[in-house]
Amino acid sequence: MTLRDIPPPAMLATDLFQGSYRPVLTLLSRYADRLNAEYGRSLSALQTDSADDLTSILAALGDELSRLVLSLTPSLRNWTIRLERYHRSKWRGAVLAASSVDLDTIIGPQDVQQTLEDALNWNVSLVRDVGDQAKQKMANAVFAGLRARSPARDVAKQISEATGFARKRSLGIAADQLSKLSASLSEERQRQAGIEIVQYKSSHKLHARPWHAARDGKLYYLDTRTPVDGGEAVDASDWAGAPPWCGCRTLATIQFD
């Protein structure tokens, strides 16, 4: 008997992006305008203090990014709590439908507290990294532009590409983190329930990893990730939901003698 799937709701990926990454992108966009204006002024006047002025703007951006990330931490924590609540409800329903056992008073968020804390800390670092990478790309653009006396429009294009890259990366991270925390919660709940065997479920994405798609429907021992019908164990880094952008999941399976 295989318990029903618990697909993560795409809405929560959108919420993660809107609540934690969009504020960073808004800040980057505001400083991009300031850098463009200062670069144009410095280039036209050929002022000797132009690099110092640009450095001051970038330093101010770094300071604001640090404060912003700290202020976003409660929002990120709330997001992990919402996802855990959703997943716990679906897990309870799946177990109830399969076994008529109600876990309502047996399981709670405290059971997966470490998983939630790990996800929170990792997401805080990801939000910070998105801002830091974009800031570095913007700095590279303006200082390389000054050395080469590049036209302001060329530097503005590079700065725009830096913020565009940050946005694209943020959207990808939000979707990926939803899949990863969902997969971690599923495995945590399965272990708590004493599940020994799981069925691998491929994401069936258009560009899914071929070796992941080949595992679809196969049974594995949860603790060792070894195929039930024999074969080598799957490395933890290549397990369902572990690699970047992997949407694979595992389904709890109960075998009766």
Side-chain angles (χ1 to χ4, degrees), residues 1-13 15-16 73-74 76-126 174-203 212 215-229 231-244 246-257:
M1 180 174 62
T2 300
L3 274 64
R4 65 191 184 203
D5 189 20
I6 306 178
M11 171 192 68
L12 284 178
D15 291 349
L16 177 59
T73 301
L76 284 165
R77 184 182 299 278
N78 182 60
W79 180 81
T80 64
I81 291 172
R82 288 175 58 206
L83 178 53
E84 187 282 326
R85 187 184 301 124
Y86 168 88
H87 189 278
R88 176 161 33 98
S89 173
K90 295 298 182 181
W91 173 249
R92 174 195 171 198
V95 172
L96 184 61
S99 65
S100 299
V101 175
D102 192 348
L103 301 177
D104 185 36
T105 60
I106 301 176
I107 61 175
Q110 67 279 358
D111 304 327
V112 291
Q113 193 60 43
Q114 189 58 54
T115 298
L116 296 180
E117 284 297 320
D118 291 344
L120 170 65
N121 294 332
W122 181 238
N123 274 275
V124 169
S125 69
L126 285 173
D176 186 50
Q177 288 304 300
L178 173 63
S179 296
K180 279 182 167 46
L181 182 51
S182 295
S184 295
L185 289 172
S186 289
E187 186 164 325
E188 193 83 8
R189 294 300 185 193
Q190 290 162 2
R191 293 182 189 280
Q192 291 169 359
I195 298 297
E196 297 179 350
I197 296 175
V198 295
Q199 181 185 107
Y200 197 100
K201 181 177 176 60
S202 170
S203 67
H212 283 202
R215 296 174 192 158
D216 190 49
K218 292 185 178 181
L219 299 179
Y220 291 81
Y221 292 108
L222 179 60
D223 282 343
T224 61
R225 300 177 301 280
T226 304
V228 171
D229 59 2
E232 294 185 0
V234 177
D235 190 83
S237 64
D238 196 40
W239 189 237
C246 177
C248 298
R249 298 187 290 276
T250 57
L251 310 181
T253 301
I254 303 173
Q255 291 190 331
F256 298 94
D257 295 331

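It should be emphasised that the depicted structure is a prediction, and the values quoted were computed from it without experimental measurement.
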* Within the distance-only criterion (no hydrogens, no angle test), does the side chain of Glu84 pair as donor or acceptor with the backbone N or O of Val112 below 3.5 angstrom? -> no
* Taking every non-hydrogen atom, the tightest pair across Gly241 and Ala183 -> CA-CB, 4.1 Å
* Worked verdict on Trp79 versus Leu178 for side-chain contact (heavy atoms from CB on, under 4.5 Å) -> CA-CA 10 Å; Trp79 180 81; Leu178 173 63; 4.2 Å; yes
* Asked: Of all heavy-atom pairs between Cys246 and Asp176, which one has the smallest distance, and what is that distance?
  -> N-OD1, 4.0 Å
* **Shortest non-hydrogen contact between Leu103 and Arg92, atoms and distance** => N-CG, 4.2 Å
* Taking the side chain as every heavy atom from C-beta outward, state whether Thr80 and Thr115 have any pair of such atoms under 4.5 Å apart. => no
* Without swapping roles, check the side chain of Arg4 against the backbone of Gly93 for a donor-acceptor pair under 3.5 Å. => yes
* **Worked verdict on Asn123 versus Leu181 for side-chain contact (heavy atoms from CB on, under 4.5 Å)** => CA-CA 10 Å; Asn123 274 275; Leu181 182 51; over 6 Å; no
* Asked: Among side-chain atoms of His87 and Ser182, is any donor-acceptor pair under 3.5 angstrom?
  -> no
* To do: For Arg191, enumerate each residue passing the side-chain hydrogen bond (donor to acceptor under 3.5 Å, both in side chains) test, keeping only those at least two apart in sequence or located in another chain.
  => Glu187, Asp223
* Asked: With side chains defined as the heavy atoms from C-beta onward, is the minimum distance between Leu219 and Asp229 less than 4.5 Å?
  -> no
* Structure fact -> dist Ser179:OG -> Leu12:CG (nearest 0.5 Å) comes out at 11.5 Å
* Inspect the surroundings of NZ in Lys90 and state if more than 12 heavy atoms from other residues, nucleotides or ligands are less than 6.0 Å away. => no
* Leu185 CG to Arg85 CZ distance, which is reported to the nearest 0.5 Å -> 12.5 Å
* Between the side chains of Glu117 and Asn121, is a donor N or O closer than 3.5 angstrom to an acceptor N or O? -> no
* Taking all atoms of both residues into account, what is the closest heavy-atom pair of Ser202 and Cys248, and its distance? -> CA-SG, 3.8 Å
* At what distance, to the nearest 0.5 angstrom, does CZ of Arg189 lie from CD1 of Ile107? -> 4.5 Å
* Asked: Of the non-hydrogen atoms in Ala242 and Ala236, which two are nearest, and what is the gap between them?
  -> CB-O, 3.4 Å
* To do: Working to the nearest 0.5 Å, report the span between CG of Asp5 and OG of Ser186.
  => 8.0 Å
* Less than 4.0 Å between a side-chain N and a carboxylate O, is that true for Arg88 and Glu188? -> no
* Crowding at CD, Glu232 (>12 non-hydrogen neighbours, <6.0 Å) -> no
* To do: Would you confirm whether Thr253, through its side chain, and Leu251, through its main-chain N or O, come within 3.5 Å as a donor-acceptor pair?
  => yes
* Inter-residue atom distance Tyr221.OH - Ile197.CD1, 0.5 Å rounding -> 5.0 Å
* N/O donor-acceptor pair under 3.5 Å between Lys180 side chain and Pro243 backbone -> yes
* Atom OG1 in Thr250, atom CD in Gln199: separation rounded to 0.5 Å? -> 10.0 Å
* Can you find a pair of side-chain heavy atoms, one from Ile254 and one from Ile195, that are under 4.5 Å apart? -> yes
* Asked: Of the non-hydrogen atoms in Tyr86 and Pro7, which two are nearest, and what is the gap between them?
  -> OH-O, 3.2 Å
* Audit row: Asp238, Arg215, side-chain contact (heavy atoms from CB on, under 4.5 Å) steps and yes/no -> CA-CA 12 Å; Asp238 196 40; Arg215 296 174 192 158; 2.6 Å; yes
